[in-house]
Structures are given as structure tokens and as C-alpha cells.
Engineer: 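Quick one: the structure is below, and I'll ask about it shortly.
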Amino acid sequence: MSIKPPFTDVDIKTQDGGFYKDNSLPIALISKSIMVALVLWALVFPANANGTLGSWNSQLLEVFNQFYIVIVGFFVFFLLAIALMPKTGARVMGTPGEKPEFSNFSWFSMMFGAGLGVGLMVFATAEPLGLWGSNPVVVAGEVPGNTPEALQSGFRYTFLHYGFHAWAIYVVTGLSLAYYAYTRDMPLTIRSALTPLFGRAMNGVFGHIVDVLGVVATILGVSVTIGYGVSQFIDGVYAITGMDWMMNITEGEAPTPGKVGLIAGLIMIMGMSIISAVSGVGRGVKYLSNLNLVLSLILLMTFVIFGSFVFAMSTYGSAFVDYIINFVSLSFGSYGPQSAADFAAALPADAQPLAGDLMAGATNAWGSYDGFVSGLEGDAAALPPETLASVYEAGNQGRQFGWQAGWTTFYWAWWIAFSPFVGLFLARISKGRTVREFIIGCVFAPALVCFAWMTILGGTAIDLEMTGGADGAIIGASNTAKLFVTLGQMLEPGLLSALTIMCVVLIMTFLVTSADSGILVMNTIMSGGSQETGIKHRIIWGLILTAVIGTLIIAAGENNPMDALRNAMIIGALPFTMVMGLMCVALAKALYRDGKREKLGQVSQPAE
């Protein structure tokens, strides 16, 4: 019995002439309209935009926090199952016997630079240090933060946020796109990944919506990445030059990049990115990616030689084992908000009449037990210590939800919003790879490198604080300045200056790589999957991306310039998360039916 051939006749109508020649007019106009509306809203009504985005984000997380956590756990196990299947894993994404387009070195360097380059530069020290002080184990009151006892749990969640889950998000999108593009000769665009489920419906309005969701998610994901990267770039320039005009300098607090400095850095970085994007993936992105990897290795070797390498490697081994042991609970352990009624019901009898006064402090994920007790007043403060301990324990679910929504879910939304860009880019550079090679090469290999990066850089920072050498200087620095402060604690002035300059160059090239790759990906979607896109549209999307980042930074509060970007990104990631769930179902169906066709000796042909 034969099986019906797969639907492959994806027809994305593009313009034959005019300004939008070779572009899909509906995708281009809808995407640009959404982004222009966001820019105008943030520019004309900045306070309203910032407040509304924050409110929407809070409401969304109350409903969808658990959905974000569980679906990302599903992505990891879905890819693991595909890789372990002998025939499925061995399938080549291309014609039989086709060789990969790029060498392993260039493939890995482009993958690494596009996927997590900026994130690793910003958070390699900030993430382990932050989680050392606050993670679910610390929040539950089981161990105190910033102590040797908190080291294991701190790296457990560091590995969670930058490990197999992060890369699995990218690979779900990338594998779906690459499989259809190179085995079925379909357009390299988001809608192709849903054709096994919806067939010809993807040629109409539904297909346009799916592609637009991919473009919007890409813009917001890349925007957050560039926003954090520019912030660290300005911190580095300040460390070299001491130019105060770029910074917010408040007495008694660590300097942080100001809005003027951020906008100036943004314009510079995006100008370079547009120039690189115009040169195309074969030249600009490839050469910058190779440079990124070389400079990254130099930075890593600096920490190996001058940092706490033995401490880092022992931490790597123990943390990895702990991560694997807790892998399933990390993947699916999710929390919803704690209601006032549930909190009151869990209180001791003598505390129940004061539930309204106790709940805010007991469910505050960013506080501590001592802070909770010291903040009480009146009758609440007079409660006996054992009652207050029970009250704090009763608020644990609320604290866990607040922590997870503010930290893990933020990362999952960030990686999901980033996944159309990274996934499509991974697909673009992976023609000729097998399915198993793609999954192992793009999930497990880079994750292990990320673990090493985090333990060597972050472990050195923690060791300097634990041994008293840093005396709180690294913990007290802003997240984007922690790398430079750590280098300052490690190196003599002459070598420090050279390494700081190199780091600024590395941050800059990572930013340019991320931005120009994002611009190329947006234009690929806009042109119906074409890998050669018009120069003028690359420039326009570069300018739109600059405007989105700049106006949302301006709209945010002075002390938290990334807030509006973060909130917009989490909101924009949710619809694409649902698209990714459908991608998994579609890919499972396609792999199963293609396997059946091979058994029956059928050659896949486009449906009539």
C-alpha cells in the first residue's frame, strides 16, 4: 500500500518589480507595521509603553509560566529521541552523499557566534555569581546565598540556562527548516516547517501569519541580545577611557551605562552590522565568526593561566554530574502563582489573621528570611520566631514562582524569540549534515563548551569572592561590568589594559555577527526563503532593528534601561512558542511517513 507523497508545493508570492521586488508584500508590510507601531508608541508615549509592557508581561507570566517551562523540557527529550533512532539520525539533510558546505571549524564558529556569543560575554561571570547568591535552593531557605554551600545549586541552574535546553530550542527550529529545505527542496522559511500538518493552508493567510510571528520574534530576541551586548560594550569602553558621559554615576553605587552612552554605542554597532550584512554570509559573517572564536579562545586561555583553573575544573565535574542527576526535575519542575487564599490556608493559626500583612514579604523571591523579618511591623513583628519561620515556609511556592518567572522563564523566552534567527541561520549553514550530526553538533557540543566557559570565567569570579581577594567588588558591579572587574582582580595593569581592549573588540564583533545574521535571516523570511536578498532591504531592516532597540531603551526607566526590551521580548516570544510546539508534531509526522515511504521503496514526489 502506497503512502501519499508529502506536500511540498509551498508557493509564497513575491513581487515581480518595484521596491519590494522578490519580497512577499504581506509579510513585509505586516512585519514592518508592527515594528513601526512599537517604535512610535515607545517614542511618543514612553512612560505608557514601558508601564503597559510591564503589566502585560506580569499577567502573561501568571498564566503561561508553567507552559514555557514544560514545553522547553519537551523540546530536549524530543530531539534526544530523534537522534537515538538509527535510521532517522542517519538521514542526510540534502541529496545522498552531499558534502557539508562549511568546514567543521567554520560551522562551529558561526554556530557559536550566532547562538550564544553575546550572552556568554555578558553572563559568563554575571550568571554564576548571580545564581550563587539566588537560586531555587537558596530561595527555599535550604542554604544561604554567596556561601560554599550554595555553589552546587548555583552552577546547577547556570548549566540549565546555558546548556542542553537552550540549544535544543534553537535546534527544534533549525532542524525543522533544514529537513524540509534540503530533503524536500522547500523554501527555507518558517511556514515550510508546518506543511506536514496544514498542507496548502500554508500558502495563504495562515502561512503569512506564521512567517510574521517568526520575524517579530527574531527582531525582539536579537534586540535583547544587542541591548545587553551594547551595555557591556559601553562598560568596556568606560574601563579603557574613563569617559563619564557614557555612564550613570551615583555616589555609593557601581557605575552603569547611561541612556546616552547606550544609544551612542548602539548607533556605532548597528552601523557596522549593516555594512557586514550587506557583504553576505559567505564573507562578512563567516570571517567575523572565525575571528570571534579565536579571540574567545585567547580570553578563555587568559582565565586558564591567571584564573582559578583547578577550582573551575573540579566545579565543572561536580556541577555536570549534579546537572544530569537533576535533569528531569529541572526540565519539568514548574510553578504557578500562589493565591492569597492558598497562602493564608498554609499559615499557622496565630498568623492567619495577619495574612495580608505577611504575604508580600514571605513570597518575595528577591528578598531573604532576615529581610522578611526585619521588614515586619506591628502585630506581625510580634509573632514568635517559630511562627515567622512557618510563615516564610508557607510563601515558598510564591517565591519559587517569582524566581522562575523572573529568571528561567526569561531565558526560555529569550532563546525562543532568538530561535527563528539562530534556527534559520543554523539551517542555512548545515546543508549536507546528517540529522544526528546536526543535533549532536548543535545541542551537545556547544553546551559542553558553554559549561566550560561558565565554570572557568564564572568559577574564577566566585573563587575570588570566596577567598576574600575581591572583597565584594565583583558582586557589587553591574552585570555587564562583572567581566571587566574580574579581569581587574586577576591581572596586572599592563596586561589588564590589553585584555580589556581585546574584550571590547570581541564584544563588538559578537554584536556585529549577531545583528548582521539577524538582518540576513529577516530578509530570508521576507523573500520567501531566498538565500540571496536585496541590499536595500538589509539596510532597512538594520535601521528598523536600531530604532526598536533605541526607542525601548529610551522608554524604560533610567535605572533599568533593559526592562522594556525584556518585557516586549517575553510577550512576543509566546506565539512563536506555540508555533514551535506544532513544528515538533509536524517533524515527527514527516520523519515517520518518510521512513514508511523508504520501506515501501517510494521516492518522495511533490503532491499534485
Side-chain angles (χ1 to χ4, degrees), residues 61 64-81 83-84 115-116 119-120 123-124 126-143 145 149-172 315-336 365 396-416 418-419 439 442-455 458-459 462 570 573 577 580-581 584:
L61 288 173
F64 289 103
N65 179 69
Q66 292 173 291
F67 170 72
Y68 268 122
I69 299 299
V70 171
I71 198 168
V72 171
F74 165 73
F75 291 158
V76 179
F77 285 92
F78 173 74
L79 292 174
L80 182 62
L84 291 175
L116 282 177
L120 284 183
F123 291 105
E127 181 77 1
L129 270 172
L131 290 171
W132 182 45
S134 175
N135 64 66
V137 180
V138 173
V139 167
E142 296 177 22
V143 298
E149 293 75 21
L151 186 65
Q152 184 181 69
S153 56
F155 272 101
R156 180 188 307 165
Y157 286 89
T158 298
F159 282 17
L160 169 66
H161 295 159
Y162 282 82
F164 302 146
H165 295 78
W167 288 92
I169 291 170
Y170 298 152
V171 171
V172 163
T315 301
Y316 189 128
S318 60
F320 185 75
V321 171
D322 179 68
Y323 170 63
I324 297 301
I325 289 172
N326 291 280
F327 194 79
V328 174
S329 63
L330 290 171
S331 299
F332 299 108
S334 60
Y335 293 91
N396 183 53
Q397 182 190 326
R399 295 195 304 277
Q400 296 294 341
F401 164 73
W403 190 94
Q404 189 175 68
W407 212 312
T408 302
T409 304
F410 159 68
Y411 275 121
W412 288 178
W414 189 2
W415 306 152
I416 288 166
F418 216 40
S419 71
I439 293 173
C442 297
V443 174
F444 297 101
L448 294 175
V449 174
C450 288
F451 296 160
W453 190 275
M454 289 285 180
T455 49
I462 290 174
I570 293 172
T577 309
M580 288 181 65
C584 292

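Not measured: the values here are computed from a predicted model.
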Engineer: Hey, are the side chains of Phe77 and Phe327 touching, using non-hydrogen atoms and a 4.5 Å cut-off?
Structural biologist: yes

Engineer: Hey, can you tell me if Tyr170 and Trp167 have their rings parallel, tilted or perpendicular (30° and 60° cut-offs)?
Structural biologist: perpendicular

Engineer: How long is the straight-line distance from CG of Leu448 back to CZ of Phe444, given to the nearest 0.5 Å?
Structural biologist: 9.0 Å

Engineer: Could you tell me whether the side chain of Gln404 and the main chain of Gly333 form a donor-acceptor pair under 3.5 Å?
Structural biologist: yes

Engineer: Considering all heavy atoms of both residues, which atom of Val138 and which atom of Ala150 are nearest to each other, and what is their separation?
Structural biologist: CG2-CB, 4.1 Å

Engineer: Under a 4.5 Å cut-off applied to non-hydrogen side-chain atoms, are Phe164 and Tyr323 in contact?
Structural biologist: yes

Engineer: Would you mind reporting whether Thr409 and Phe64 have side-chain heavy atoms less than 4.5 Å apart?
Structural biologist: no

Engineer: Do the side chain of Asn65 and the main chain of Ser334 share a donor and acceptor less than 3.5 angstrom apart?
Structural biologist: no

Engineer: Indicate, with yes or no, if the rings of Tyr162 and Trp415 have centres closer together than 6.0 Å.
Structural biologist: yes

Engineer: Below 3.5 Å, can you tabulate the donor-acceptor pairs from side chains in residues 66-75 to any protein atom, sequence neighbours excluded?
Structural biologist:
| unit_1 | atom_1 | unit_2 | atom_2 | d |
| --- | --- | --- | --- | --- |
| Tyr68 | OH | Ile570 | O | 2.9 |
| Tyr68 | OH | Leu574 | N | 3.1 |

Engineer: Between Glu127 (side chain only) and Phe155 (backbone N and O only), is there a donor and an acceptor less than 3.5 Å apart?
Structural biologist: no

Engineer: To check you understand the geometry: which heavy-atom pair defines the closest contact between Pro128 and Gly458, and what is its length?
Structural biologist: CG-CA, 3.8 Å

Engineer: List the atom of Val171, the atom of Cys442, and the distance in Å for their closest heavy-atom pair.
Structural biologist: CG2-CB, 3.4 Å

Engineer: Is Gln400 reaching over with its side chain to a backbone N or O of Pro136, donor-acceptor style, under 3.5 angstrom?
Structural biologist: yes

Engineer: In Å and rounded to the nearest 0.5 Å, what is the OH to CG distance from Tyr157 to Asn135?
Structural biologist: 6.5 Å

Engineer: Are the side chains of Leu61 and Phe410 in contact, using a 4.5 Å heavy-atom criterion?
Structural biologist: no

Engineer: Should the ring pair His161 and Trp407 be called parallel, tilted or perpendicular, given that the plane angle runs from 0 to 90° and is split at 30 and 60?
Structural biologist: parallel

Engineer: How far apart are the C-alpha atoms of Thr158 and Phe451, what are their side-chain angles, what is the distance that settles it, and do they pass the side-chain contact (heavy atoms from CB on, under 4.5 Å) test?
Structural biologist: CA-CA 8 Å; Thr158 298; Phe451 296 160; over 6 Å; no

Engineer: Side-chain contact test, heavy atoms from C-beta onward, threshold under 4.5 Å: evaluate it for Cys584 versus Val172 and give yes or no.
Structural biologist: yes

Engineer: Just verifying a value: how many Å separate Tyr335 OH and Asn396 CG, rounded to the nearest 0.5 Å?
Structural biologist: 6.5 Å

Engineer: What class does the angle between the rings of His165 and Trp412 fall in, given that below 30° is parallel, 30 to 60° is tilted and above 60° is perpendicular?
Structural biologist: parallel

Engineer: side-chain contact (heavy atoms from CB on, under 4.5 Å) between Val137 and Glu149: does it pass, once the steps are laid out?
Structural biologist: CA-CA 10 Å; Val137 180; Glu149 293 75 21; over 6 Å; no

Engineer: Just verifying a value: how many Å separate Leu84 CG and Leu79 CG, rounded to the nearest 0.5 Å?
Structural biologist: 11.0 Å

Engineer: Can you check whether Ala452's main-chain N or O pairs, donor with acceptor, with Thr455's side chain at less than 3.5 Å?
Structural biologist: yes

Engineer: Could you walk me through whether Leu160 and Tyr411 pass side-chain contact (heavy atoms from CB on, under 4.5 Å), step by step?
Structural biologist: CA-CA 10 Å; Leu160 169 66; Tyr411 275 121; over 6 Å; no

Engineer: With sequence neighbours left out, write down each residue that passes side-chain hydrogen bond (donor to acceptor under 3.5 Å, both in side chains) with Asp322, or none if nothing qualifies.
Structural biologist: Arg156, Asn326

Engineer: Which heavy atom of Gly402 sits nearest a heavy atom of Ala365, and at what distance?
Structural biologist: C-CB, 3.8 Å

